[in-house]
Amino acid sequence: MIDLLAFLAGLPGIVLVLGAFLLPALPVGLRKVAMVALPALSYAHLLRIQDAPPSQRVLVLFGEFELVPVRIDALAMVWGHVFHIVAILGAIYALHVAFRGWEQAAALSYAGTAIGAVFAGDLATLFVYWEATAITSVFLIWSREGGRIGEEGDRDPRLLYRVGMRYLLVQVASGVILLAGVLLRLADHRAFGTDGDPLYFGHLFEGDLSSAPLATLLIFLAFGIKAAFPFLHPWLQDAYPRGTHTGTVFLSAFTTKMAIYALARGFAGTDALIWLGVVMTLFPIPFAVLENDLRKVLSYSLNNQLGFMCVGIGIGTELAINGAAAHAFAHILYKSLLFMSMGAVMYRVGTCRATQLGGLYRKMPWTAAFCVIGAASIAGFPLLSGFVSKSMTISAAAEEHLTWVFLGLLVASAGVMEHSGIKIPAEGFFGPGHGDSPDPDTVEEAPRNMLVAMGIAAFFCIALGVYPELLWSILPYPVDYHAYTAPHVVGQLQLLLFAALAWLVLKKFKLYPQETPGQGADIDVVYRKLAPAAWSATLWAGRPTWSSLLGAGRWLIRGSVAVFYGWTGPRGMFGRSWTVGAVSRWIVFGLGFFLLFLFLWR
Amino acid sequence: MKQFFRDPDKLRLSRRVLWTACAVTILAGIAAPFLFPEPYEHLHYSWEGWFFSYAVVGFVSFVGLVLLARLLRPILWRSVDFYDDRQPVAGEGEETE
């Protein structure tokens, strides 16, 4: 009992998971206090246990293997810090929401399991947390207040149910693939006696992935699904824009960055990640340029930012891993800030579609200002957090003389300026308005708690940009990097400002695509359109076979029913009434047969 | 209902600010190698030191990406009810249910 308590007390994130279960049991007044207090407590708990010597941490024996449920080191602490910060911000941001039961509990337990995952020291523990994040987070989509069936597109409860199921399927599949990889690793260990503990979650692979064993490939694939690799990504853009306005802030922070952590831990220096990352930074841009739903634009932009981190992990040098970790830290904060500002618009206006927004900056000046800070951060303006973190990865690419990667990342930076730096604030707050935009005069500024959360996030964006040493002090490797050199500052300013100029010029010559209602057809057409179509086509093509099979089945059933009816129906042998004489005749007959049988057998 | 990008004065002002800022960065690109020669000696590629290189990269990539998106639009952009489960929003196309 004491062992169990000591074990539980040593788990990072446990405060959030247990607290989330207690939350609905608390009196209404206390719940809101607990919402903010729990992540803060959990952070204090983590800071306390990080100093405990590793020998005091509990290990669990699992057959012949040793599980390491908790491993606290510099790499994991980067995520530990930022996951807690964003959980606190998300909780403050959600304070105005009436407590509907599971949304807040889901948000906190989701944060708790994601925090547990980054401190998991073995693959079995990682698997448990990996699946737990999937199950807890889906409620952030399902908690969205549904309207009537068929009413108001996004709020149709049937649609939300399906979105949640699709999200859950992909997330759970990722976990199952991870489990398959881990089990194969164990089997390989038994068969070939590979060195080390096969369950230990250390560095799993580096170099050319084509030489990797199947177990490693499966684990890579599982991480890749949650990290939204190209072609494995559409779950992200499908689900995140459909979360509740507060839930998406949580969604945007945890799952994908947990996967980035797992890649940084297990696959640093894996070449394939470099090219996957470059593709990831570039392919979402056309989608983001065309997209009308601004939270979906942010989801594509999130995908593109994950690409920068993947490139850093793939390069695998100390500077590059530092860059990926720093970028994850900075990104979580400015991306949650952007999702918060769009969430505030959704809360006040009821929609995030560019074609239905315009001129909101007048009535929501604070939200607009915070959004601009987030947008400038993600674009990478000097003195803001994106500038110092993104440039580390790009410099690492240049230092390894990966010229095409370097150029690809620069082009992608211009793309980030387009969809997140300009489009989000311009369409969200400063746009000229469209036919069906609400009158901005009827809109109110976001609630105070939202503004506080956005203000703190904006403060972090500025603080990390002005004083990057704060960020560098928590990075896994010692930092010998200067972001603020003259060529770098001038170059970045030129890149961003001339990109903005290009926007102006394209607008002037009417070459910039107009926002129109609609949706992008991403690779998910394969499983949302083509696969169902192929299935019905197969059914249609196989109709003759199917109908003859069906006919044979019907004939068989009808025949057996008729035979059975013949026996047991009102006129059947077992159904009709028998006279006493007939029954006694049968009994005499039966007994006689029995006696004869006994006589002969003896 | 005066709005930011409809107010011609503000629009003209913001355009002017942007043009000026761009000009300033070009001037900075010319002056910086003389004012801070040291970091310019450690660049990875020589073209990074040219005073206009990043301006060209930014402008060309932006235009290229937006034109690419325009080009891909007929393939990528579909109606709101493209996926069956999507109910149209008021004013976003015809009711299909």
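Here is the naming used below: chain letters follow the sequence lines, and residue numbers restart at 1 for every chain.
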Inset, instruction - Sort A:Ile523 into side chain, backbone, both or neither according to what part of it lies under 4.5 angstrom from a heavy atom of chain B. - result: neither

Inset, instruction - Please work out whether the ring planes of A:Phe406 and B:Trp47 are parallel, tilted or perpendicular, with thresholds of 30° and 60°. - result: tilted

Inset, instruction - Report the option among A:Ile285, A:Asp522, A:Thr516, A:Val525 that has the most heavy-atom pairs separated by less than 4.5 Å from atoms of chain B. - result: A:Thr516

Legend entry - Point-to-point distance, once rounded to the nearest 0.5 Å, from CG of A:Leu497 to OG1 of B:Thr20: 10.5 Å

Inset, instruction - Ignoring hydrogens and angles, tell me if any N or O in the side chain of A:Glu399 forms a donor-acceptor pair with the backbone of B:His44 under 3.5 Å. - result: no

Inset, instruction - Please round to the nearest 0.5 Å and tell me the distance separating atom CZ of B:Phe59 and atom CG of A:Leu506. - result: 7.0 Å

Legend entry - Pick from B:Val56, B:Ile26, B:Val60 with the largest number of heavy-atom pairs that fall under 4.5 Å of chain A: B:Ile26

Inset, instruction - State whether the side chain of B:Arg73 and the backbone N or O of A:Leu290 hold a donor-acceptor pair below 3.5 Å, judged by distance alone. - result: no

Legend entry - Portion of B:Ala28 that has a non-hydrogen atom of chain A nearer than 4.5 angstrom: both

Legend entry - Straight-line distance of B:Ser79 OG to A:Gln519 CD, nearest 0.5 Å: 7.0 Å

Legend entry - Test log, rule side chain to side chain contact (heavy atoms under 4.5 Å, CB included), inputs A:Asn292 and B:Trp77: CA-CA 10 Å; A:Asn292 183 29; B:Trp77 199 241; 4.2 Å; yes

Inset, instruction - With a 4.5 angstrom heavy-atom cut-off, could you sort out which part of A:Leu496 is near chain B: side chain, backbone, both or neither? - result: neither

Inset, instruction - Please lay out, stage by stage, how A:Val411 and B:Leu65 fare under the test side chain to side chain contact (heavy atoms under 4.5 Å, CB included). - result: CA-CA 8 Å; A:Val411 173; B:Leu65 288 169; 4.1 Å; yes

Legend entry - Contacting region of B:Leu71 [heavy-atom separation from chain A under 4.5 Å]: neither

Legend entry - side chain to side chain contact (heavy atoms under 4.5 Å, CB included) between A:Trp503 and B:Val66, intermediate numbers included: CA-CA 9 Å; A:Trp503 176 67; B:Val66 170; over 6 Å; no

Inset, instruction - Please check if atom OH in A:Tyr527 has more than 12 non-hydrogen atoms from other residues, nucleotides or ligands closer than 6.0 Å. - result: yes

Legend entry - Per-residue contact mode, A:Ser395 against chain B (heavy atom under 4.5 angstrom): backbone

Legend entry - For B:Arg16, all residues meeting salt bridge (charged side-chain N to carboxylate O under 4.0 Å, His left out), sequence neighbours excluded: none

Legend entry - Toward chain B, the part of A:Val489 with a non-hydrogen atom under 4.5 Å: neither

Inset, instruction - Identify which part of B:Leu68 has an atom lying under 4.5 Å from any heavy atom of chain A, answering side chain, backbone, both or neither. - result: side chain

Legend entry - Full working for side chain to side chain contact (heavy atoms under 4.5 Å, CB included) between A:Phe498 and B:Thr25: CA-CA 9 Å; A:Phe498 276 82; B:Thr25 58; 3.7 Å; yes

Legend entry - Residue part contacting chain A, namely of B:Tyr45, when any heavy atom lies under 4.5 Å: side chain

Legend entry - Spatial distance of atom OH (B:Tyr40) from atom OG1 (A:Thr485) [nearest 0.5 Å]: 8.0 Å

Legend entry - Point-to-point distance, once rounded to the nearest 0.5 Å, from NZ of A:Lys508 to CZ of B:Arg15: 6.0 Å

Legend entry - Most contacts with chain B, counted as non-hydrogen pairs under 4.5 angstrom, among A:Ala521, A:Pro286, A:Ala414: A:Ala521

Legend entry - Distance (rounded to the nearest 0.5 Å) between B:Trp19 CH2 and A:Leu504 CG: 7.5 Å

Inset, instruction - Using non-hydrogen atoms and a 4.5 Å limit, figure out which bit of A:Leu493 sits close to chain B: side chain, backbone, both or neither. - result: both

Legend entry - Interface residue of largest heavy-atom contact number with chain A, from B:Pro33, B:Ala32, B:Ser53, B:Cys22, under 4.5 Å: B:Cys22

Inset, instruction - State which residues pass ring-ring contact (aromatic ring centres under 6.0 Å, His included) with A:Tyr300; sequence neighbours excluded, sorted by chain then number. - result: A:Phe287

